Structures are given as structure tokens and as C-alpha cells.
Amino acid sequence: MGLLGMRIIIYLMLCCAFIISLPQKIYAQESVSSINIITHHSLYGGGRIYAPVRIDNYKGFMRVDTGASTSRFHKSAWNKKFIITNTIHSIGATAAVAKCEEVVVPNLSIVAQSGNAIGRVNYLATRCPAGTGDDLLGIDFLKGSEFTLNLKESQIRFFEPLPNDHKSHLLLALGREKDLIGIELDIGSFSTYGLLDTGAEMTAVDSVYFNAHPELFENVKSKISMRGANGKKITSRLCKIKFINLGDGFIIKNLYALVYDFNALRDEIGHDTPIIFGYNFFEKFKWKFNFKKNITPTWRVYND
């Protein structure tokens, strides 16, 4: 949404993804599907993730954004005939509000390099005015599936068989509507919650938490300016998070992070969630997420 890629759409969509070749069924065929993603890199290890998509007859790329509760795209000629079901609002990390429309997308799929395309029919998404940032592929599109994210290899793989040599951890349901995902981990000697946001170009820390625990961080720059996916300028401090412990021996040291006042964003992601983990966090390991139906969603990491 507004944090360099993050979009929190205040609307809960309850749909399940399915293989395009088998309409009306939820991942009826769990064969491996490989998606070649495009990554754009920026300063301090930041970056953006784009996946190839097909929306009816339109082909393009959408930013993979687990910090967006639903998918979003701009109003354009190719989607002007989509049926409008509601008027909703998109709120970014800068508290900017965009008036948008909930629409029915007849057919949206991620284009696979090998294996089946992954998609939905009659999918509820958000259509916003032009100039409100990148088109976003939200977390609700991915729910119902099992996939790995490997930024070093620029791939997302659905239903990839992996050895069960690492413990799976429960994902936390975050946000006002409990439609966002997070994890519990240790920052230094403190246990805390963090929002998992692949759409965030860089990790961010709430300034309230930063000021309360200065020993956990190292100051790098007192002022830095960057632009979010909505095109709006974000001015913040830059720091390093000294020590992050994900458990099972997986450690991250000296991770760059923006520092600013989350303000109204706290109401959307939770007052107990002082950190938003972005691209430079996910780049450290290979991640596996399991959102398959009738189980509690889980995550785990591997050395790629």
C-alpha cells in the first residue's frame, strides 16, 4: 500500500483461488506452476515485485502485494465494462484516501512459465482513478493456495514440493478486518508483531516504537525521501534494525528500514504491529506460504 507499495483496502473479500483450466473448482489440480517475476531494485536493498497477469484480453504486470487486502487496478478502457458492486476507499500509509469502486473481474490469472495458470473468475477487485500508483495483486487472490517466493531466483512457484525439514509457523491475522498477514518474531530481546508486505519497497518501523527502543536500531540518515507506489512522496528517517530472529536459526542483521509515524495506519494494521516488513526482508530467504483451504495459514523459510 502507500508504504512504497502497500495498499490497505478496507473491504474483506472471501473468495478462493482455482486453476484456470478447471473453472469453479478450487485448485483441483495441485501440479507445480512456475511464475517468472520481475524485480525492480532500489537503494538500501529495496525493491518491487511484478507478476505477469492476464485480465480477460488484457495482458500486463501487477505488483505482488501481500499488504493489500484485495487486488487493485486503474480505471482504463480495458476494464470500463466491468460491473460495479460498491464504492469503497483505499487508504495508504500516508493516510491519503482514494475513492474507488469494487468491480467484478470476469477472469484474472497469473501467467505461468510452466504448469497451469493460477486465477479466478468473477473475482471482486478494486478499481481506482488513474494516478493512484501501481496495479496491485492483493493477498486475497493468493489465499486458497500454497506457494514459495524466491526473490533471488525471481520466481513464485505454486505447490512446489519441499522437504519437511523446517518447522512451519502460524501466520497472524492482522488488520481491522483480520484480512492481512503477519508474523511474531524477536527484534533484539523483544518479541513483536510485523506485517508481511511484499508490496512495500522497504521495511518500515513506527517512530513510536523506534523512540521507545532506541537500543534496537542504528541511525543511518536523519532524513530520506522516497516515493510510494501511489506516487506520493514519503519523508522519513533511515535506520538499521540490528538483530531480527525468525527462529530455527534464521537471523537477519542490520536490515535497513524507514522510520516514520504510522499515525492512522495503526488503526488499519493494529497498534501492536510496529513494523512493516518489505522487499528487503523477503529477499533474505526463500519463503513458503500455505493458505490451502481448511487449514490455519502457515509460513516457513529456507536458505535458497
Side-chain angles (χ1 to χ4, degrees), residues 1-3 5-18 26-27 49 63-72 88-93 102 118 120 123-126 136-149 156 158 166-187 190-200 203-206 208-209 244-248 250 262-279 281-282 285 287-301:
M1 59 182 262
L3 168 65
M6 190 170 98
R7 293 291 181 282
I8 293 184
I9 311 294
I10 311 177
Y11 200 85
L12 180 61
M13 312 296 182
L14 294 176
C15 300
C16 291
F18 59 89
I26 303 171
Y27 287 102
I49 309 165
R63 191 165 176 170
V64 180
D65 191 352
T66 58
S69 58
T70 187
S71 299
R72 189 206 71 185
I88 58 179
H89 295 84
S90 172
I91 300 179
E102 178 190 83
I118 305 296
R120 298 170 181 255
Y123 169 60
L124 292 175
T126 303
L136 306 176
L137 193 67
I139 187 63
D140 70 325
F141 183 91
L142 299 168
K143 289 180 178 178
S145 70
E146 180 183 38
F147 64 94
T148 58
L149 173 65
I156 296 175
F158 287 84
H166 293 83
K167 179 182 177 182
S168 293
H169 303 271
L170 296 181
L171 281 165
L172 305 174
L174 301 179
R176 188 194 299 267
E177 303 290 347
K178 300 300 181 185
D179 51 359
L180 300 172
I181 58 171
I183 60 176
E184 183 176 5
L185 41 58
D186 292 335
I187 305 295
F190 292 88
S191 178
T192 192
Y193 298 150
L195 177 74
L196 295 180
D197 181 9
T198 59
T203 296
V205 179
D206 191 343
V208 173
Y209 188 80
I244 302 172
N245 185 0
L246 285 78
D248 303 321
F250 291 95
F262 282 10
N263 201 2
L265 183 59
R266 295 188 195 100
D267 293 332
E268 305 306 327
I269 68 174
H271 288 252
D272 294 328
T273 308
I275 300 179
I276 297 169
F277 289 112
Y279 181 96
F281 177 75
F282 290 99
F285 304 111
W287 294 77
K288 181 174 182 179
F289 297 98
N290 191 345
F291 293 105
K292 292 172 72 173
K293 191 177 180 181
N294 298 325
I295 71 162
T296 302
T298 61
W299 67 276
R300 56 181 170 175
V301 291

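Since the model is a prediction, treat every value here as computed from it, not as a measurement. Numbers for residues simply follow the sequence, beginning at 1.
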J.: Minimum heavy-atom separation for L136 and A68, please, with both atom names.
T.: CD1-CB, 4.4 Å
J.: If the plane angle is over 60° it's perpendicular, under 30° parallel, otherwise tilted; pick one for F285 and F250.
T.: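 Ring orientation, 0 to 90° scale: perpendicular.
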J.: Quick one: CZ on F158 to CD on E146, what's the gap to the nearest 0.5 Å?
T.: 10.5 Å
J.: In Å and rounded to the nearest 0.5 Å, what is the CG to CG distance from D65 to L142?
T.: 10.0 Å
J.: Shortest non-hydrogen contact from A200 to I276?
T.: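 Scanning both residues, the minimum pair turns out to be CB-CG2, 4.3 Å.
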J.: From S69 OG over to E268 CD, what is the distance, rounded to the nearest 0.5 angstrom?
T.: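 Separation between the atoms: 9.5 Å.
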J.: So, taking the atom named CH2 in W299 and the one named CG in L196, what distance separates them when rounded to the nearest 0.5 Å?
T.: 8.0 Å
J.: State which residues pass side chain to side chain donor-acceptor pair (under 3.5 Å) with N245; sequence neighbours excluded, sorted by chain then number.
T.: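 In terms of side chain to side chain donor-acceptor pair (under 3.5 Å), with neighbours along the sequence ignored, N245 is linked to no residue.
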J.: With sequence neighbours left out, what residues match L172 under side-chain contact (heavy atoms from CB on, under 4.5 Å)?
T.: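 Once residues adjacent in sequence are excluded, the partners of L172 under the side-chain contact (heavy atoms from CB on, under 4.5 Å) criterion are L174, E184, Y193.
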J.: If you compare all heavy atoms of P297 against all heavy atoms of F291, which two are closest, and at what distance to 0.1 Å?
T.: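 Minimum heavy-atom contact is CB-CD2, 3.8 Å.
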J.: Could you walk me through whether L185 and I275 pass the side chain to side chain contact (heavy atoms under 4.5 Å, CB included) test, one step at a time?
T.: CA-CA 11 Å; L185 41 58; I275 300 179; 5.7 Å; no
J.: Check for a donor-acceptor pair, side chain of N263 on one end and backbone N or O of L265 on the other, with a separation under 3.5 Å.
T.: no
J.: Roughly how far apart are K143 NZ and T66 OG1, rounded to 0.5 Å?
T.: 10.5 Å
J.: Measuring from K292:NZ to T298:OG1, what's the distance to the nearest 0.5 Å?
T.: 10.0 Å
J.: Which atoms form the tightest heavy-atom contact between L180 and G67, and what is the distance?
T.: CD2-O, 3.7 Å
J.: Looking only at non-hydrogen atoms, find the nearest pair between F262 and T273 and report the distance.
T.: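 Reported closest heavy-atom pair: CE2-O, 4.0 Å.
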J.: Would you call the rings of Y123 and F141 parallel, tilted or perpendicular, taking 30° and 60° as the class edges?
T.: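 Perpendicular: the ring planes of Y123 and F141 meet at over 60°.
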